[in-house]
Amino acid sequence: MEDITDEKKSHLELLSHHVLEYLDTRRDLFLLSLTEKGLSLSSSIISVLVWAFFGAITLLFLGIGAAIWIGSQLNAPALGYFFVAGLFLLLSGLTIAITRNFVRKILTQTIFKLIQENNTSDEADS
């Protein structure tokens, strides 16, 4: 009788060891997946920021060039700068008004799509 209980204990210990090992592996897999998603997101954000920086610098120099050219055409350098500043202000207002809901909608759809892709890939891995 005692031999059977010792055998059951060893099976239970082995089973509990495997369960704990499985849970530890699942935790490690979750952390790796979370790290991968975080790195992907940070890479995308850095890429967008770099493109925005270079785009802003380009737009700045184009604006200065346009202001100088318009000022020389009007024989009033300051007027060229005011004209370009007003144009940029108008474009900024239009861009904000048009894209506020558009960007939110695209971001929401993209996030939902990423979540669905990750869920389907996680289910396929299981």
Atom CZ of F83: over 12 foreign heavy atoms under 6.0 Å: no
In one Ile/Leu/Val/Met/Phe/Trp/Tyr side-chain cluster, 4.5 Å: L49, I46: no
Please table the atom pairs, donor to acceptor, closer than 3.5 Å between any side-chain atom in residues 67-80 and protein atoms at least two apart or in another chain.
| from | atom 1 | to | atom 2 | distance (Å) |
| --- | --- | --- | --- | --- |
| S72 | OG | I68 | O | 3.4 |
| S72 | OG | W69 | O | 2.8 |

Approximate separation, where rounding is to 0.5 Å, of L91 CG and I96 CD1: 11.0 Å
Nearest-0.5 Å distance that lies between atom NZ in K105 and atom OG1 in T110: 11.5 Å
Polar side-chain atom of T58 near backbone of F54 as donor-acceptor pair, under 3.5 Å: yes
Y81 with L62, same ILVMFWY side-chain cluster at under 4.5 Å: no
Inter- and intrachain pairs under side-chain hydrogen bond (donor to acceptor under 3.5 Å, both in side chains), touching residues 12-21, at least two apart: H17-E21
Gap between atom CG of L29 and atom OH of Y22 - 0.5 Å precision: 9.0 Å
Qualifying residues under side-chain contact (heavy atoms from CB on, under 4.5 Å), relative to I57, sequence neighbours excluded: F53, F61
In one Ile/Leu/Val/Met/Phe/Trp/Tyr side-chain cluster, 4.5 Å: L23, L15: yes
Distance, nearest 0.5 Å, that separates OG1 of T95 from CG of L90: 9.0 Å
OG on S92 to CG on L87, rounded to 0.5 Å: 9.0 Å
